[in-house]
Undergrad: 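The structure under discussion is supplied below as structure tokens; questions concerning it will follow.
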Amino acid sequence: MGNALVDSGRDSRPAIYCQALRKQYRSRSGTVDALKGLDLEVGRGECFGLLGPNGAGKTTAIEILEGLLEADSGEVEILGMRWGQNDDELRQRLGISLQETRFAERLSVYETLVLFRSFYRSGKDPAEVMAVVGLGEKARSWVGKLSGGQRQRLAVACALVGDPELLFLDEPTTGLDPQSRRQLWEIIRDFKEQGRTILLTTHYMDEAERLCDRVAVVDYGKVIALGSPGALIAALGGDHVVEFAVADGGAVPPEELAALPAVRGVRVDSAGAALTVTETHVAMPALLELLRARGLEPARLTTRHASLEDVFVNLTGRHLRDEEVSPS
């Protein structure tokens with residue numbers, strides 16, 4: 001794509017476009033391919049979720065999109081512009097909340113927001129943004145006295161104070177209590193209702209399901225699944241999941257579980273087995289009969305609706321929450 005794209009039809013193009021992104025890191029032990037030809041497109045006005053286990057290349061991709069890191073090869077356009085050509089304009093139109101933000105400990109919350117607001121030609125009143133993120137009562141408090149959750153809300157406030165067109169939120173609700181999480185969800189929904197765009201990373205699958213129009217699952221440096229949460233869950237082949245474990249370390253061969261009526265998928269791990277089923281009332285009696293015939297007793301047996309977590313585990317073989325203990 002040539003530079004002419006920057007000059008015409010800006011509003012009709014995606015908020016985020018990247019193609020064939022590659023990034024390699026070199027170390028004493030050799031090279032690591034963080035990105036292996038990543039393709040991504042995020043529409044304007046969309047809340048888009050980027051999900052991936054630790055080491056999948058997710059954070060590398062985000063830092064390239066934010067202009068913090070340069071790709072080895074590939075194309076990137078943000079709001080119809082390119083890093084290296086339109087840097088000042090892009091910085092005026094982006095809001096970024098990093099996974100971990102370091103603030104001046106002896107500035108107050110209000111002073112910190114005034115400082116960040118000064119980086120933009122236009123933006124929001126710091127007092128208004130403090131109220132939005134629930135930090136109004138902490139206006140005079142030093143940043144060094146804030147709790148982890150309060151610092152996280154301050155990071156989001158700093159991303160919002162420039163009144164951005166595109167918002168990058170990297171694990172924005174980590175460390176927040178349930179009420180604060182819901183408050184932040186409302187902020188994200190309000191931002192989207194204004195026709196603006198969010199790129200969100202999260203290790204909370206319920207968060208991605210509730211907030212995101214579409215999600216991309218990234219693993220080993222590439223997008224391995226893309227679609228709405230509902231469509232990805234439907235692709236599992238069943239609306240419900242039956243989870244069970246057998247007492248005394250017993251087990252049932254996966255092929256016998258897969259042969260049960262209404263079962264569309266089987267996943268077995270150290271914690272037990274999970275069956276994706278179309279009809280719980282059909283699968284459950286058949287499962288109990290199979291266990292009885294084998295002389296096995298269920299130590300645990302539960303049913304629930306299929307979720308984005310099931311999609312993720314089915315694709316990667318890992319639980320995202322367990323993997324996300326350090327930046328990828």
Side-chain angles (χ1 to χ4, degrees), residues 1-3 5-6 14-42 48-79 81-87 90-91 94 96-102 155 166-172 174 198-205 208 212 214-227 232 267 269-270 308-309 311-328:
M1 299 191 340
N3 292 343
L5 287 176
V6 176
I16 297 173
Y17 170 85
C18 66
Q19 185 177 47
L21 279 193
R22 294 184 179 275
K23 182 65 179 179
Q24 190 176 76
Y25 294 105
R26 293 171 178 81
S27 66
R28 292 180 180 177
S29 58
T31 59
V32 176
D33 292 312
L35 297 178
K36 302 178 182 178
L38 185 88
D39 299 327
L40 200 64
E41 186 173 307
V42 179
F48 191 95
L50 198 61
L51 312 177
N54 194 34
K58 181 177 79 271
T59 296
T60 296
I62 292 171
E63 290 181 350
I64 291 172
L65 298 177
E66 293 171 339
L68 301 176
L69 189 66
E70 188 173 345
D72 294 335
S73 63
E75 294 186 78
V76 176
E77 280 196 358
I78 306 296
L79 300 174
M81 294 175 283
R82 298 189 182 214
W83 293 109
Q85 299 177 11
N86 313 99
D87 293 26
L90 277 169
R91 291 190 181 104
L94 302 184
I96 297 174
S97 177
L98 301 174
Q99 209 170 78
E100 182 178 352
T101 305
R102 295 187 181 275
L166 170 59
L167 187 59
F168 289 94
L169 296 175
D170 196 0
E171 307 286 359
T174 298
I198 305 107
L199 180 65
L200 169 75
T201 73
T202 179
H203 55 236
Y204 298 113
M205 293 294 97
C212 297
R214 291 189 302 145
V215 298
V217 179
V218 178
D219 204 12
Y220 297 108
K222 300 189 74 171
V223 173
I224 60 173
L226 175 67
L232 293 178
R267 187 176 74 247
D269 58 29
S270 59
L308 206 51
E309 176 77 11
V311 174
F312 188 87
V313 175
N314 186 59
L315 289 168
T316 68
R318 290 165 280 181
H319 288 273
L320 182 59
R321 187 68 183 94
D322 295 337
E323 291 287 333
E324 285 295 321
V325 292
S326 62
S328 59

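Not measured: the values here are computed from a predicted model.
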Undergrad: Before giving the answer on side-chain contact (heavy atoms from CB on, under 4.5 Å), spell out for L79 and L94 the whole-Å C-alpha distance, their side-chain angles and the decisive distance to 0.1 Å.
TA: CA-CA 9 Å; L79 300 174; L94 302 184; 4.1 Å; yes
Undergrad: Taking the side chain as C-beta and beyond, is there a heavy-atom pair between L232 and L315 under 4.5 Å?
TA: no
Undergrad: Does the side-chain contact (heavy atoms from CB on, under 4.5 Å) test come out yes or no for I16 and F48, once each step is laid out?
TA: CA-CA 10 Å; I16 297 173; F48 191 95; over 6 Å; no
Undergrad: Can you tell me which residue among V218, V42, T59, V217 is in a side-chain contact (heavy atoms from CB on, under 4.5 Å) with L50?
TA: V218
Undergrad: Can you name the nearest heavy-atom pair linking L38 to A61, along with the distance?
TA: CD2-CB, 3.7 Å
Undergrad: Return the OG1 to CD distance between T31 and Q24, rounded to the nearest 0.5 Å.
TA: 4.0 Å
Undergrad: Does a side-chain heavy-atom distance below 4.5 Å link H203 with T174?
TA: yes
Undergrad: How many angstroms lie between atom CD1 of I78 and atom CZ of F168, to the nearest 0.5 angstrom?
TA: 5.0 Å
Undergrad: For the residue pair D87 and R82, what are the closest heavy atoms and their distance?
TA: OD1-O, 4.0 Å
Undergrad: How close do T201 and P172 get, heavy atom to heavy atom, and via which atoms?
TA: O-CD, 3.4 Å
Undergrad: Less than 4.5 Å apart, side chain to side chain, heavy atoms only: is that true for L98 and D170?
TA: no
Undergrad: Taking atom CD of E70 as the centre, report whether more than 12 heavy atoms of other residues, nucleotides or ligands fall under 6.0 Å from it.
TA: no
Undergrad: Going by heavy atoms in the side chains, are R22 and D33 under 4.5 Å from each other?
TA: no
Undergrad: I would like to know whether L51 and L308 meet side-chain contact (heavy atoms from CB on, under 4.5 Å); could you show each step before the answer?
TA: CA-CA 10 Å; L51 312 177; L308 206 51; 4.0 Å; yes
Undergrad: Drop me the distance from L169's CG to I62's CD1, to the nearest 0.5 angstrom.
TA: 10.0 Å
Undergrad: Kindly give the heavy-atom pair with the smallest separation between Y17 and E41, and that separation in Å.
TA: CD1-OE1, 3.8 Å
Undergrad: For the pair Q19 and D39, evaluate side chain to side chain donor-acceptor pair (under 3.5 Å) and give the outcome as yes or no after the intermediate values.
TA: CA-CA 4 Å; Q19 185 177 47; D39 299 327; 5.2 Å; no
Undergrad: Begin from the C-alpha positions of I224 and T316 and carry the test side-chain contact (heavy atoms from CB on, under 4.5 Å) through to its verdict.
TA: CA-CA 9 Å; I224 60 173; T316 68; 4.0 Å; yes
Undergrad: For residues G52 and K58, report the shortest heavy-atom separation together with the two atoms involved.
TA: O-NZ, 3.3 Å
Undergrad: State, to 0.1 Å, how close W83 and E66 come at their nearest heavy-atom pair, and which atoms those are.
TA: CZ2-O, 3.0 Å
Undergrad: Hey, could you give me the CD/CG distance between E63 and L68, rounded to the nearest 0.5 Å?
TA: 6.0 Å
